[in-house]
Amino acid sequence: MIKVYWPDKLARDIVGRKKYNYLDKEIPKIKKFVLKSSTSISGVPHIGNASDVIRHDALFRALNGMGKPTRLLWVAEDMDALRKVPAGIPPEFRNYLGMPVADIPWVDDKSYSTHFSDLFIESFEDYGVKVECKSTAKAYRSGEFTKGIKTIMKNLDLIKEIWNKSRETPLPANWNPWKPVCENCGKIMTTAVKGFDESGVSYKCEDFKFKEYGKEAYTKLSGCGYEGESKFSDGDGKLLWRVEWGMEWATWGVCFEAAGKEHFMPSSSFWTAGEVCERVFGWPEPHPSENPLQPYGYMTVSGEKMSASKGNVVATWDWPKFAPPQILRLIFLENPRRTKDFSYLKIPQYVDEYDRLQRVYFGEEKIDNERERENLKRLYELIEVEIPEKMPVQIPFSSAAAVSQIYNPKESPEKALNLARRVCGIRKKLSEADKKMILEKRLIVARNWVETYAPQNYGIAIQERVPAEIKRSFSEKQKAALRILCQELETKEWSEAGLENRIYALRDEVGISSKDLFQSIYLALIGEKQGIKAAALICAIGKDKVCGVLKQI
RNA sequence: GGGCCUGUAGCUCAGCUAGGUAGAGCAUCUGGCUUUUAACCAGGCGGUCGGGGGUUCGAUUCCCUCCAGGCCCGCCA
């Protein structure tokens, strides 16, 4: 029996679901399975935001794999107000607090939210994610939600009954879930509804106090005092969250949407929205309850939640510059319910894991246990951006990092490629496609990683002074070889290839083993028993520095 | 104070929803590699499965409890 990877299992659960959860009836046959992922655009969309999209995409692939017609929606929650100016955004944006992010000007014709959501959407391609993009602001204003809003307004008593289940104080008699945008000042947080009928509400723009994320004190937002009316059919406003969520599901026919754990607390939004979805709209709430994916945990960086307002974020479009996008998919698809603490130093290890999965997939690495093998192959399919036709050439990330420091792949691509080939013992001739892949997907990426996130001189740190115990450990032959090497470096100009030949010849002249010779070179220069291509290393460090070290022997 | 999730080798994880004397990769270590010495090959080290109870012939797997970590607990989305 082959164990089914969680997206496949979840996909089967979704397809096999029979009944409503609040209504005693059967779910009609579903023609198209709609998955929804959404992101609130409070600032720079970061890799933590991508987790929701990537996990839904895995499920999307699983359903497609079952031959089920499926749509994957991604929704920008851009009718939501800006509640805090995130780190990295000019402080003047304080003036826009309380306005829908879709209405805040950026540069050119872009709004604050389209600026960020466009960048986010463009970056989806790097991760192999294809989605249909939606925006709540557009949906409200284009009339896409008008029918849903009307249904809500016809069923206010029922909605109050549902919502009151999770409240201590019941909603007041004149309560209405519509939140208008102030026609005068453009804020949505400051509008207080004063009355309503079946076509709209009347409101006054009043001062509003709220807590900014991470702050104890209340922030006061000034209302402009304007009194006006907001018609539901104009869509210049939004429904309160719990109601909005349920209405979205019904409007778009959503079968599944995972969300962060805060939505799944008892009496939290998922449950209210679900009941609204079924009892008000008659659409089955998206596959709820315990499942392998939800509620999912967030990504933390050194123990802190990654969030736009804290500023400890990596933008989704920056990640591929220093790590393969498949790695991010891997991190999010493994153990999805667990909170992930991330560190840049773990990247080489994750890349090794990815490479291994690729080898297993192409049968280059044998896994005896059939179940495990199938599992790993499936995981590879789900994390790969585009599955290659045949097994690609692999360069371990740590080797790539070392090579990229000796020859900067951006400045001398041919030299870096050559060295990488020799370091990794690749004999076959590389095709142009191989070269491009190794250069762009590995060497340049590794170099960026080293420059930005890795310890200085990752792997090729030359030691200024040779420690006494290392000197003492050298045999007479080793010392002799190093002295000769030093002398010849000083008196002659060497090419890398020439130097390599000379080192091997030296081995025979002095009469020591390759191991002893190479070990002494590496121990003297970098304090390690092994190292990368001695000749290349010496050339990269420069003969002056090398001789400075070797003279100490 | 309450709720939910998580806790398996140094690291990342599998196994746990049909309970049967602990698994993988990476790292580390050892050996091999006479122009592939950070590649590659062979091998070793490494965990009383967070602690304690219980059910059972037998529990990492089921139940209870404690501990630790994460997240959440607003007429915010």
Side-chain angles (χ1 to χ4, degrees), chain A residues 1 3 9 38 40 42 77 79-81 83 136 163-164 167-172 175 177 179 188-189 210-213 238-242 244-245 260-269 290 294-300 303-305 330-331 334-335 337-341 343 345-346 348-357 359-360 365 367-369 371-373 375-376 379 394-403 420-427 459-460 497 500-505 507-508 512-519 521-522 526 528-535 537:
Chain A
M1 185 64 187
K3 191 214 158 196
K9 182 178 186 311
S38 61
S40 62
S42 47
E77 291 175 357
M79 202 57 171
D80 292 4
R83 299 178 66 83
T136 51
W163 198 331
N164 280 338
R167 294 172 55 93
E168 283 181 17
T169 48
L171 294 163
W175 176 85
K179 194 77 178 150
I188 192 168
M189 283 172 80
F210 69 104
K211 276 187 181 174
E212 284 183 37
Y213 182 82
K238 74 190 290 293
L239 293 164
L240 294 178
W241 169 243
R242 289 170 192 238
E244 176 182 72
W245 208 10
K261 56 187 93 177
E262 69 275 25
H263 299 293
F264 290 93
M265 297 301 108
S267 78
S268 200
S269 55
E290 290 294 301
Q294 69 192 20
Y296 59 69
Y298 289 105
M299 177 181 254
T300 57
E304 277 208 313
K305 181 174 161 183
L330 176 66
I331 291 171
E334 275 184 335
N335 253 339
R337 296 179 70 148
R338 186 183 291 179
T339 298
K340 306 280 181 170
D341 188 47
S343 151
L345 294 174
K346 288 178 184 166
Q349 181 177 336
Y350 277 117
V351 178
D352 286 344
E353 221 176 297
Y354 163 67
D355 284 350
R356 175 171 174 256
L357 290 173
R359 275 180 263 123
V360 171
E365 186 160 320
I367 303 288
D368 292 333
N369 185 318
R371 188 168 124 160
E372 188 187 347
R373 183 175 62 239
N375 234 340
L376 294 175
L379 179 57
Q394 293 186 340
I395 305 285
F397 196 81
S398 57
S399 304
V403 166
R421 251 188 80 181
R422 282 178 299 130
V423 164
C424 300
I426 297 162
R427 290 215 159 112
I460 60 160
E500 189 173 338
N501 282 329
R502 181 64 196 127
I503 290 172
Y504 281 101
R507 175 199 59 201
D508 299 335
I512 58 175
S513 69
S514 312
K515 182 184 164 184
D516 286 346
L517 174 58
F518 281 107
Q519 218 172 68
I521 293 173
Y522 296 123
I526 58 176
E528 302 280 340
K529 284 184 180 175
Q530 296 185 91
I532 190 166
K533 285 286 179 188
L537 182 69

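In the text below, chain A, chain B and the rest are named by the order of the sequence lines, each starting its count at 1.
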Distance, nearest 0.5 Å, that separates [atom1] of [X] from [atom2] of [Y]:
X: A/I331; Y: A/Y350; atom1: CD1; atom2: OH; value: 4.5 Å
X: A/D508; Y: A/L517; atom1: CG; atom2: CG; value: 9.5 Å
X: A/S40; Y: A/M79; atom1: OG; atom2: CE; value: 15.5 Å

What interatomic distance, in whole Å, is found between [atom1] of [M] and the corresponding atom of [N]?
N: B/rC75; M: B/rG54; atom1: P; value: 46 Å
N: B/rU17; M: B/rC62; atom1: P; value: 5 Å
N: B/rU35; M: B/rA9; atom1: P; value: 43 Å
N: B/rG32; M: B/rU60; atom1: C1'; value: 38 Å
N: B/rA14; M: B/rG52; atom1: C1'; value: 27 Å
N: B/rC64; M: B/rG20; atom1: C1'; value: 24 Å
N: B/rC63; M: B/rC16; atom1: C1'; value: 15 Å
N: B/rA59; M: B/rG19; atom1: C1'; value: 6 Å

[N] [atom2] sits how many Å from [X] [atom1], rounded?
X: A/D80; N: B/rA77; atom1: CG; atom2: C1'; value: 5 Å
X: A/D516; N: B/rU37; atom1: CG; atom2: C1'; value: 12 Å
X: A/L357; N: B/rC26; atom1: CG; atom2: C1'; value: 12 Å
X: A/L240; N: B/rG74; atom1: CG; atom2: P; value: 17 Å
X: A/I395; N: B/rC40; atom1: CD1; atom2: P; value: 10 Å
X: A/D355; N: B/rC40; atom1: CG; atom2: P; value: 10 Å
X: A/L345; N: B/rA27; atom1: CG; atom2: C1'; value: 13 Å
X: A/I426; N: B/rU37; atom1: CD1; atom2: P; value: 13 Å

Would you confirm whether [X], through its side chain, and [Y], through its main-chain N or O, come within 3.5 Å as a donor-acceptor pair?
X: A/Y522; Y: A/A534; answer: yes
X: A/D355; Y: A/P396; answer: no
X: A/Q530; Y: A/Q519; answer: no

What nitrogen or oxygen pairs link the protein and nucleotides 6-11 of chain B at under 3.5 Å?
unit_1 : atom_1 : unit_2 : atom_2 : d
B/rG7  : OP1    : A/R338 : NH2    : 3.1
B/rC11 : O2'    : A/Q349 : OE1    : 3.2
B/rC11 : O2     : A/Q349 : NE2    : 2.7

Show, in sequence, the C-alpha distance, side-chain angles and deciding distance for A/L239 and A/K179, and conclude whether the side chain to side chain contact (heavy atoms under 4.5 Å, CB included) test is met.
CA-CA 6 Å; A/L239 293 164; A/K179 194 77 178 150; over 6 Å; no
Side chain of [X] - closest among [options]:
X: A/R83; options: B/rG25, B/rU12, B/rC76; result: B/rC76
X: A/R356; options: B/rU37, B/rA24, B/rA77; result: B/rA24
X: A/E334; options: B/rU12, B/rA77, B/rG25; result: B/rU12
X: A/E372; options: B/rU12, B/rA24, B/rU37; result: B/rA24
X: A/D352; options: B/rA77, B/rU12, B/rC26; result: B/rC26

Are A/E77 and A/S38 close enough that a side-chain donor and a side-chain acceptor fall under 3.5 Å?
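Yes, because at least one side-chain N or O of A/E77 sits under 3.5 Å from a partner of the opposite role on A/S38.
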Under the rule of Watson-Crick or G-U wobble with both distances under 3.5 Å, where | means paired to another strand and [ ] a crossing pair, RNA chain B maps to ((((((((.[[[[.)....(..]]]].(((((.......))))).....[[[[[..)....]]]]])))))))....
Sequence-distant partners of [X], salt bridge (Lys or Arg N to Asp or Glu O under 4.0 Å), two or more places apart:
X: A/R356; answer: A/E365
X: A/E244; answer: A/K238
X: A/E500; answer: A/R422, A/K533

Less than 4.5 Å apart, any side-chain heavy atom of A/V403 and any of A/I395?
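The answer is no; the side chains never approach within 4.5 Å.
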Indicate the atoms forming the closest heavy-atom contact of A/A402 with A/I532, along with that distance.
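Smallest heavy-atom distance, with atoms named: CB-CD1, 3.6 Å.
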When the nearest nucleotide of RNA chain B is assigned to A/S399 and to A/Y350 on a heavy-atom basis, which residue is associated with the more 5' position?
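Counting from the 5' end, the first nearest nucleotide belongs to A/Y350.
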Upstream residue (5' side of RNA chain B) when A/C424 and A/L376 are each assigned their closest nucleotide
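Checking each residue's closest nucleotide, the 5'-ward one belongs to A/L376.
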With syn defined as a glycosidic angle within 90° of 0 and anti as everything else, classify B/rA14.
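Here the answer is anti: the torsion falls beyond 90° from 0.
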Take A/L240 and A/W163 through the test side chain to side chain contact (heavy atoms under 4.5 Å, CB included) and record every step on the way to the result.
CA-CA 11 Å; A/L240 294 178; A/W163 198 331; 3.9 Å; yes
Look at all strands and tell whether A/Q519 reaches a base, only sugar-phosphate, or nothing, counting heavy atoms closer than 4.0 Å.
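Here A/Q519 touches no strand at all.
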What nitrogen or oxygen pairs link the protein and nucleotides 32-35 of chain B at under 3.5 Å?
unit_1 : atom_1 : unit_2 : atom_2 : d
B/rG32 : OP2    : A/K515 : NZ     : 3.4
B/rU34 : O2'    : A/R507 : NH2    : 3.1
B/rU35 : O2     : A/N501 : OD1    : 3.3

